[in-house]
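Owing to the predicted nature of the structure, the values given are computational and were not obtained by experimental measurement. Computed from heavy atoms alone, side chains included, the values below leave out hydrogens, waters and symmetry copies. Order of appearance sets the numbers: ligands from 1, and atoms from 1 within every ligand.
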Amino acid sequence: MKNRIAVIPGDGIGQEVAQAGVKVLEAISQKKGLNLSFKWFDLGADRYLKTGETLPQPVFDELSTSFDAIYFGAVGDPRVPDMKHAKDILLGLRMRLDLYINLRPVQLYHEELTPLKNKGVSDIDMVIFRENTEDLYVGMGGNFKMNTVDEIAINEMVSTRKGVERIIRAAFDWAVSHGKTRVCMTDKANAISYAHGLWQRVFKEVSKEYPQITPRHVYADALAMELVRAPEDFDVIVASNLLGDILSDLGAQLVGGLGLAASANIHPNRVSLFEPVHGSAPTLAGKNLANPFAMVLTGALMLDFLGYADESKRLEALVKSCIDDKITTTDLGGKLGTQEMADYMVSLVDRFF
Ligand code: NAD
Ligand code: IPM
Ligand code: MN
């Protein structure tokens, strides 16, 4: 079993939810003898502003060779408006560790949490496979005649045959291994003909290898509408980096908000990174208001990746029971602060494990 975890709390509420998440995982590890070890890394806006360092090479080397997983809070700080540190740390780890699968479950735990009328827990249960190493995120481009009236700003949108194929394949494989029957690919090939034309061709080709799965294509604008109109029509969605980013926040709100949305940045069989979908939420930071459920559910995804499938399911059930009992942070209508919520979850470990 794998058990070496690097913790990068990062900025803002990332700090608070990381404390909470590790507290819960430590309690589980102790109860079940999992022997999880946690090493904390000080990476984020404070360090960048103090020292100019974002992700120093020795730290990257250690992260890539000495750990099984990285448990990541969030990055983003109003004092660093160009997100320089976040580009190096979060996008840097995704690209340099080649974490090509960004898996983002959209699962409704209680019908009262969705803003949609007449939709229940069986209607909203899907997973978004977001490509995580290409697209507009590669940082290719530049500015010409910056800060003049003639300025030109370019970001290149990159799709490779290899990159598109491996994420589409991952989506199909996941559907098969999880007993799902529908994979929907979304793009804007009607406007972005070269890059997304490639997505269309590869999707058609790969889908032929999976006769047990019903493939579907929906343009991304229409998909934003369909996800609100009929979320029950979707099991697995596969999308490019930017479209997947946008759709995953939409998905988060369908199930109760960013306080509940977990995500995994995976390269199968290599060190992978687990972080909630939400960011550093500067307006909530330092106030003990952030919902730690997204971070704890992200911990459940990490446990599954480390080989603890049963513990992962139990942790999810523990969170669900808090929601059922209406013992939550204020964003979900409850009264608890971040750390009190974590302590309450720890108090349930004996019952659920
Ligand atoms: P955000 O996800 O940080 O917050 C948006 C809103 O969602 C918040 O104002 C809050 O109302 C709510 N929210 C988010 N997480 C919550 C939680 N755990 N509990 C309760 N409510 C929660 O998005 P933003 O405000 O657009 O971004 C803030 C900073 O975070 C920016 O710098 C952004 O670039 C960065 N960001 C980082 C990540 C990441 O590290 N993975 C993800 C998204 C945004
Ligand atoms: C996410 C975030 C990041 C992204 C930002 C912080 C660069 O929104 O993890 O969803 O766009 O991938
Ligand atoms: Mn995002």
Are R182 and F234 in a cation-pi contact, defined as NZ or CZ under 6.0 Å from the six-membered ring centre and within 45° of the axis? no
Can you find a protein heavy atom under 4.0 Å from atom 25 (O) of ligand 1? no
In this structure, are over 12 heavy atoms from other groups packed under 6.0 Å from N118 atom CG? no
Using a 4.0 Å heavy-atom cut-off, which part of H278 comes near ligand 2: side chain, backbone, both, or neither? neither
What protein heavy atom sits nearest atom 6 (C) of ligand 2, and how far off is it? M83 CE, 3.9 Å
Where is the nearest protein heavy atom to atom 34 (O) of ligand 1: which residue, which atom, and how far? M83 CE, 3.0 Å
Going by the closest heavy atom to atom 44 (C) of ligand 1, which one wins out of G259, G279, A281, A252? G279
Output yes when a side-chain donor or acceptor of Q15 lies under 3.5 Å from a complementary backbone atom of G10, and no otherwise. yes
When you look for heavy atoms under 4.0 Å from ligand 1, do you find them on the side chain of M295, its backbone, both, or neither? neither
Has the side chain of N291 got a donor or acceptor atom that lies under 3.5 Å from a matching backbone atom of G259? yes
Which option out of S248, A290, S280 puts a heavy atom nearest to atom 30 (O) of ligand 1? S280
Take atom NZ of K31 as the centre, draw a 6.0 Å sphere, and report whether it contains more than 12 heavy atoms from other residues, nucleotides or ligands. yes
What protein heavy atom sits nearest atom 41 (N) of ligand 1, and how far off is it? E275 OE1, 2.8 Å
Would the Y210 and F172 ring centres measure less than 6.0 Å apart? yes
Within ligand 1, which atoms have a heavy atom of I13 less than 4.0 Å away? 15 (N), 16 (C), 17 (C), 18 (N)
Are there over 12 heavy-atom neighbours, none belonging to M225, within less than 6.0 Å of that residue's CE? yes
Report the part of A86 in contact with ligand 1, treating N, CA, C, O as backbone and CB onward as side chain, heavy atoms under 4.0 Å; options are side chain, backbone, both, neither. neither
Can you establish whether the number of heavy atoms outside E232 located under 6.0 Å from its atom CD is more than 12? yes
Can you tell me which residue and heavy atom of the protein come closest to atom 7 (C) of ligand 2, and the distance to 0.1 Å? L91 CD2, 4.1 Å
heavy-atom search around atom 9 (O) of ligand 1 in the protein gives T283 OG1, 3.9 Å
Ring-face cation of R314 near F352 (centre distance under 6.0 Å, axis angle within 45°): no
Any atoms of ligand 2 less than 4.0 Å from a non-hydrogen atom of R104? List them with their elements. 1 (C), 9 (O), 10 (O)
Would you mind checking which non-hydrogen protein atom is closest to atom 2 (C) of ligand 2, with the distance to 0.1 Å? D245 OD1, 4.1 Å
So, for atom 12 (C) of ligand 1, does the protein have a heavy atom nearer than 4.0 Å? no
Taking it one step at a time, do D324 and K320 satisfy salt bridge (charged side-chain N to carboxylate O under 4.0 Å, His left out)? CA-CA 6 Å; D324 288 341; K320 187 175 174 345; 3.3 Å; yes
A74: numbered ligand 1 atoms lying under 4.0 Å from its heavy atoms: 40 (O)
Result for ring-ring contact (aromatic ring centres under 6.0 Å, His included) between F41 and one of Y71, F67, F60 points to F67
Quick one: nearest non-hydrogen protein atom to atom 37 (C) of ligand 1, plus distance? V75 O, 2.9 Å
Got a protein heavy atom sitting under 4.0 Å from atom 1 (P) of ligand 1? yes
N, O or S of D249 under 2.8 Å from the Mn ion (ligand 3): no
Nearest protein heavy atom to atom 28 (C) of ligand 1, by residue and atom, and its distance? P282 CD, 3.5 Å
Under the criterion side chain to side chain donor-acceptor pair (under 3.5 Å), which of T133, N241, N265 is the partner of R94? N265
Can you confirm whether D235 sits close enough to V183 that some side-chain heavy atom of one is under 4.5 Å from a side-chain heavy atom of the other? no
With a cut-off of 4.0 Å, which atoms of ligand 1 are near a heavy atom of G76? 32 (O)
Is NZ or CZ of K2 both nearer than 6.0 Å to the six-membered ring centre of Y308 and within 45° of the ring axis? no
So which heavy atom in the protein is nearest atom 11 (O) of ligand 2, and how far is it from that ligand atom? Y137 OH, 2.6 Å
Does any N/O atom on V277 come nearer than 3.5 Å to any N/O atom on ligand 1? no
Give a yes/no on ligand 2: does R94 have at least one heavy atom closer than 4.0 angstrom to it? yes
Under 4.0 Å from one or more heavy atoms of L90, ligand 1 contributes atoms 39 (C), 40 (O), 41 (N)
Find out if a path of hydrophobic residues (ILVMFWY) with successive side-chain heavy-atom gaps under 4.5 Å connects L103 to V238. yes
Would atom 32 (O) of ligand 1 count as contacted, meaning some protein heavy atom under 4.0 Å? yes
Residue selection (non-hydrogen contact nearest atom 5 (C) of ligand 1) among L258, T330, T329: L258
Measure the distances from the heavy atoms of A294 to every atom of ligand 1 and state whether one is below 4.0 angstrom. no
Which of the listed options, L284, N291, L260, holds the heavy atom that is closest to atom 21 (N) of ligand 1? L284
Is NZ or CZ of R351 both nearer than 6.0 Å to the six-membered ring centre of Y344 and within 45° of the ring axis? no
